[in-house]
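Since the structure comes first, as structure tokens, the remarks are kept for the end.
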Amino acid sequence: MSRRCELTLKGPQVGHKVSHSNHKTKRRFLPNLVNVTFLSDALGRGVRMRVCTNAVKSVDHRGGFDAYLIKAKEHELSPKAVLLKRAIEKKTPAVEAPVEAASAA
């Protein structure tokens, strides 16, 4: 299983381990991944995903799992998250743009 967040696509980064004598050796910085069950109001069920803790905070900040996926761009999501986004968009009624009333004087 790849060490990549399913919502933000954060993955491992490469850097240096620096010793006291300033000797540098390669190392990997892995994302802090956790298994989380998000509750989807539109789908009416829970969805298990492996995401980084930063993504959990982002979901709460944007107003829930459904709102996060609707606002997210498809190229920023994993294939599983894209399928969930499309399913949520089908179940959610389309938000209509406000119609400007033509003012006839």
Side-chain angles (χ1 to χ4, degrees):
M1 178 178 281
S2 67
R3 298 209 176 250
R4 188 163 296 277
C5 175
E6 293 188 59
L7 291 181
T8 61
L9 293 184
K10 280 189 178 186
Q13 295 181 334
V14 181
H16 287 106
K17 186 190 310 183
V18 181
S19 68
H20 178 69
S21 63
N22 206 24
H23 181 70
K24 296 172 182 70
T25 55
K26 288 280 195 175
R27 64 160 287 188
R28 293 177 74 203
F29 293 93
L30 300 176
N32 186 11
L33 296 178
V34 292
N35 292 321
V36 179
T37 302
F38 291 111
L39 298 176
S40 172
D41 295 330
L43 300 177
R45 63 182 176 95
V47 179
R48 281 188 59 120
M49 300 189 90
R50 191 163 191 229
V51 298
C52 59
T53 54
N54 188 21
V56 175
K57 292 178 185 177
S58 298
V59 167
D60 289 339
H61 180 73
R62 286 198 188 174
F65 183 66
D66 295 343
Y68 180 88
L69 283 181
I70 289 173
K71 290 179 187 177
K73 296 183 174 98
E74 287 195 7
H75 68 273
E76 297 172 348
L77 299 171
S78 69
K80 177 182 175 182
V82 170
L83 292 175
L84 288 169
K85 176 180 175 157
R86 291 177 184 162
I88 288 171
E89 286 175 343
K90 284 181 184 177
K91 298 268 184 168
T92 306
V95 179
E96 296 178 8
V99 178
E100 295 181 22
S103 58

Pair T8, C52 - check side-chain contact (heavy atoms from CB on, under 4.5 Å), show working. CA-CA 8 Å; T8 61; C52 59; 3.6 Å; yes

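- The NZ atom of K26 sits 5.0 Å away from atom NE2 of H16, with the distance rounded to the nearest 0.5 Å.
- Sorted by first and then second residue, the salt bridge (charged side-chain N to carboxylate O under 4.0 Å, His left out) pairs with a member in residues 63-88 read E74-R86; sequence neighbours excluded.
- There is a path of hydrophobic side-chain contacts, each under 4.5 Å, that joins V34 to F65.
- Put simply, L43 and V36 are part of the same group of oily side chains (I, L, V, M, F, W, Y) that touch within less than 4.5 Å, one to the next.
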Step-by-step side-chain contact (heavy atoms from CB on, under 4.5 Å) determination, V56 to V51: CA-CA 7 Å; V56 175; V51 298; 3.8 Å; yes

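- Linking ILVMFWY side-chain heavy atoms closer than 4.5 Å, directly or via other members, places F38 and L9 in two distinct hydrophobic clusters.
- Counting heavy atoms from C-beta outward, T37 and R48 have side chains that approach closer than 4.5 Å.
- S19 pairs by the side-chain hydrogen bond (donor to acceptor under 3.5 Å, both in side chains) definition with S21, not counting sequence neighbours.
- Across all non-hydrogen atoms, the minimal contact from L84 to R45 is CD2-NH2, 3.8 Å.
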Start with the C-alpha distance between L7 and L69, add both sets of side-chain angles, then the distance that settles side-chain contact (heavy atoms from CB on, under 4.5 Å), and finish with yes or no. CA-CA 8 Å; L7 291 181; L69 283 181; 3.9 Å; yes

With side-chain contact (heavy atoms from CB on, under 4.5 Å) as the test, would you mind laying out the steps for R50 and R3 before giving the verdict? CA-CA 9 Å; R50 191 163 191 229; R3 298 209 176 250; 4.0 Å; yes

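- A continuous path of hydrophobic side-chain contacts links Y68 to I88 [ILVMFWY only; heavy atoms under 4.5 Å].
- K10 and P31 get closest at one heavy-atom pair: O-CG, 4.1 Å.
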